[in-house]
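See structure below.
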Amino acid sequence: MEGEGVQPLDENLENGSRPRFKWKKTLRLVVSGIKGAGMLLCFIYVCLQLSSSPAKDPPIQRLRGAVTRCENGQLFISSFKNEYQTMEVQNNSVVIKCDGLYIIYLKGSFFQEVKIDLHFREDHNPISIPMLNDGRRIVFTVVASLAFKDKVYLTVNVPDTLCEHLQINDGELIVVQLTPGYCAPEGSYHSTVNQVPL
């Protein structure tokens with residue numbers, strides 16, 4: 001009765017362990033193959049990204065200009081010429097070529113009381129800029145959503161004095177794009193500006 005229905009220990013180990021070891025080896029080979037294929041796909045993706053030409057985003061729009069005098073009721077803006085200026089001034093207005101949020105910073109001192117309005121869109125009311133020191137000093141910052149064809153300009157009201165006699169000290173206007181958006185192709189603004197009567 002000793003041997004009925006019971007297999008010897010050596011034979012039981014040999015028969016039961018072989019399929020399990022084959023299954024583990026096969027599983028390891030499959031996992032290694034999947035990892036290798038994943039690494040190969042990642043390598044191909046990186047190589048394709050490095051070899052393709054990157055999309056050129058338009059440069060961030062920015063302008064730093066001096067506010068030096070008053071002409072025809074507007075403050076005169078002259079831009080500094082350097083490689084960082086990507087915006088231009090036309091008719092005492094900063095021309096907007098790209099949609100997005102812009103920060104507009106204005107500072108200056110005046111020798112008499114003034115009232116300044118910031119204009120940036122034809123169909124919107126201007127922003128009346130708060131003045132310091134009895135209307136003789138200005139330090140003003142605003143964030144505005146501007147779009148292609150908008151123009152940033154400053155009008156001034158000087159009580160009891162002609163605009164041309166206004167004396168300005170340390171006047172500066174800075175306009176910087178904060179968020180990129182649609183930009184008009186080069187040269188497209190000049191052709192449309194010439195068609196609009198001034």
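Position 1 is the first residue of the sequence, and the numbers go up from there.
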Task: Thr86 side chain to Ile60 backbone, donor-acceptor under 3.5 Å - done: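 A pair under 3.5 Å: yes.
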Open item on the list: Quick one: does any side-chain atom of Thr141 pair with a main-chain N or O of Tyr105 as donor and acceptor, under 3.5 Å?
Closed with: no
Return the [atom1] to [atom2] distance between [X] and [Y], rounded to the nearest 0.5 Å.
X	Y	atom1	atom2	value
Asn92	Leu75	CG	CG	8.5 Å
Cys98	Asp150	SG	CG	12.0 Å
Arg69	Leu166	CZ	CG	12.0 Å
Phe76	Asn91	CZ	CG	10.5 Å
Arg121	Ser145	CZ	OG	6.0 Å
Leu154	Phe140	CG	CZ	10.0 Å

Task: Distance-only donor-acceptor check, side chains Arg137 and Ser109, under 3.5 Å - done: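 Yes, because at least one side-chain N or O of Arg137 sits under 3.5 Å from a partner of the opposite role on Ser109.
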Task: Heavy-atom closest contact (His165 atom, Gln112 atom, distance) - done: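 Nearest pair, atom of His165 first, then Gln112: O-NE2, 3.9 Å.
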Open item on the list: So which atom in Gly73 and which in Cys163 form the shortest heavy-atom distance, rounded to 0.1 Å?
Closed with: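 For Gly73 and Cys163, the tightest heavy-atom pair comes out as N-SG, 3.5 Å.
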Task: hydrophobic_cluster_shared for Ile127 and Ile96, side chain cutoff 4.5 Å - done: yes
TODO: Please answer: with hydrophobic residues joined when any side-chain heavy atoms are less than 4.5 Å apart, are Val89 and Val175 in the same cluster?
DONE: yes
Open item on the list: Holding to side chain to side chain contact (heavy atoms under 4.5 Å, CB included), I want the full list of residues that pass it with Val143, two or more places apart in sequence or in another chain.
Closed with: Leu101, Ile103, Leu178
TODO: State whether Glu88 and Lys97 are salt-bridged, where the test is any N-O pair (Lys NZ or Arg NE/NH1/NH2 against Asp/Glu carboxylate O) under 4.0 Å.
DONE: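 The answer is yes: the pair qualifies as a salt bridge.
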Between [Y] and [X], is there a side-chain heavy-atom distance shorter than 4.5 Å?
X	Y	value
Tyr182	Asp99	yes
Lys151	His119	no
Ile104	Leu173	yes
Ile138	Val114	no
Val142	Ile129	no
Val152	Tyr102	no

Task: From CA spacing to verdict: side-chain contact (heavy atoms from CB on, under 4.5 Å), Phe110, Ile116 - done: CA-CA 11 Å; Phe110 304 90; Ile116 299 175; 3.5 Å; yes
Open item on the list: I need the full list of salt bridge (charged side-chain N to carboxylate O under 4.0 Å, His left out) pairs touching residues 105-115, with sequence neighbours left out, sorted by first then second residue.
Closed with: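 Every pair satisfying salt bridge (charged side-chain N to carboxylate O under 4.0 Å, His left out) with a residue in residues 105-115: there are none.
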- [ ] Could you walk me through whether Leu106 and Leu118 pass the side-chain contact (heavy atoms from CB on, under 4.5 Å) test, one step at a time?
- [x] CA-CA 10 Å; Leu106 176 65; Leu118 171 68; over 6 Å; no
TODO: Give the C-alpha distance, both sets of side-chain angles, the deciding distance and a yes or no for side-chain contact (heavy atoms from CB on, under 4.5 Å) between Arg62 and Ile174.
DONE: CA-CA 8 Å; Arg62 59 184 157 252; Ile174 298 174; over 6 Å; no
TODO: Flag yes if more than 12 heavy atoms outside Asp123 fall under 6.0 Å of its CG atom; otherwise flag no.
DONE: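 Counting neighbours around CG of Asp123, more than 12 heavy atoms of other residues, nucleotides or ligands fall under 6.0 Å, so yes.
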